[in-house]
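By convention here, the first residue in the shown sequence is residue 1. Only this structure's heavy atoms are used, side chains among them; waters, hydrogens and symmetry mates stay out.
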Amino acid sequence: MTSHAFDIDIEVAPSTLNIQSESQVVTVHTGIAYNSVDGGSVYLNGILISWWKSDNKGNFVAKFLMNEVKALVEAGELVCPGENELTLCGDTTDGAQFTGKTTVSVINILPSGSGGK
């Protein structure tokens, strides 16, 4: 069996990562069929996937813990503030490797809002 590598399109939510936010997860939406992905093989910039699901179109959606993504900033692997490339990689169920890349903003701003006075 011959395996091959291919690129996929991804979208990251939130598209701006605020390291001061209370967000718990970073979600990566893909255009690859859920059933064709070996979920346990998926990484985002070296972070192992936390959990995964199918969206309403049957595509693979990856979830990563926000604290682990924030740790990339602390380690100097992501620039804050700044534009950063996030790379999702993994394997299909038939052994092919896929990669998706996108750019996100990383900021460090204390959220304003309904907090205490």
Side-chain angles (χ1 to χ4, degrees):
M1 175 167 66
T2 303
S3 65
H4 61 283
F6 60 97
D7 293 332
I8 62 169
D9 291 328
I10 64 170
E11 290 184 24
V12 174
S15 60
T16 298
L17 303 178
N18 184 355
I19 64 170
Q20 293 287 336
S21 79
E22 301 279 328
S23 298
Q24 298 296 308
V25 296
V26 174
T27 303
V28 181
H29 299 270
T30 75
I32 189 171
Y34 175 82
N35 291 337
S36 68
V37 176
D38 174 4
S41 73
V42 177
Y43 287 84
L44 180 70
N45 286 47
I47 299 169
L48 182 61
I49 192 169
S50 180
W51 59 281
W52 57 93
K53 67 176 193 158
S54 173
D55 67 12
N56 60 3
K57 297 177 185 174
N59 292 327
F60 187 81
V61 177
K63 301 280 189 172
F64 299 87
L65 296 177
M66 179 64 88
N67 286 341
E68 293 181 7
V69 176
K70 289 177 182 179
L72 293 176
V73 174
E74 294 167 14
E77 296 177 38
L78 297 179
V79 177
C80 179
E83 298 294 309
N84 294 270
E85 186 173 76
L86 294 183
T87 303
L88 182 83
C89 60
D91 299 328
T92 64
T93 53
D94 65 1
Q97 295 179 331
F98 62 86
T99 302
K101 296 181 180 189
T102 193
T103 300
V104 298
S105 295
V106 177
I107 60 174
N108 184 6
I109 299 174
L110 192 62
S112 61
S114 60
K117 297 185 181 206

If you look at every heavy atom in [X] and [Y], which pair is closest and at what distance?
| X | Y | result |
| --- | --- | --- |
| Ala62 | Phe60 | CB-CE2, 3.9 Å |
| Phe64 | Val28 | CE1-CG2, 3.9 Å |
| Val106 | Val73 | CG1-CG2, 3.9 Å |

Tell me, which pairs form a side chain to side chain donor-acceptor pair (under 3.5 Å) where one or both residues lie in residues 5-30, sequence neighbours left out?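 Every side chain to side chain donor-acceptor pair (under 3.5 Å) pair that includes a residue of residues 5-30, provided the two are not neighbours, is Gln20-Asn108, Ser21-Ser23, Thr27-Lys63.
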I'd like to check [X] versus [Y] (side-chain heavy atoms, cut-off strictly below 4.5 Å). Are they in contact?
| X | Y | result |
| --- | --- | --- |
| Thr99 | Thr87 | yes |
| Asn45 | Val69 | no |
| Phe98 | Ile32 | yes |
| Cys80 | Ile19 | yes |
| Phe6 | Thr92 | yes |

If you round to the nearest 0.5 Å, how far is [atom2] of [Y] from [atom1] of [X]?
| X | Y | atom1 | atom2 | answer |
| --- | --- | --- | --- | --- |
| Leu72 | Lys70 | CG | NZ | 12.5 Å |
| Leu48 | Glu68 | CG | CD | 8.0 Å |
| Ile47 | Leu88 | CD1 | CG | 11.0 Å |
| Asn59 | Ile10 | CG | CD1 | 13.0 Å |

Verify same cluster id: [X], [Y] (apolar side-chain graph, 4.5 Å):
| X | Y | answer |
| --- | --- | --- |
| Tyr43 | Ile49 | yes |
| Val42 | Trp52 | yes |
| Leu44 | Ile8 | yes |
| Tyr34 | Val37 | yes |

Compute whether any side-chain donor of one residue and acceptor of the other, for Thr103 and Glu85, lie under 3.5 angstrom apart.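 Result is no, nothing qualifies.
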With no hydrogens and no angle check, is any side-chain donor or acceptor of Ser41 less than 3.5 Å from a backbone partner on Asp91?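 Yes: the side chain of Ser41 pairs with the backbone of Asp91.
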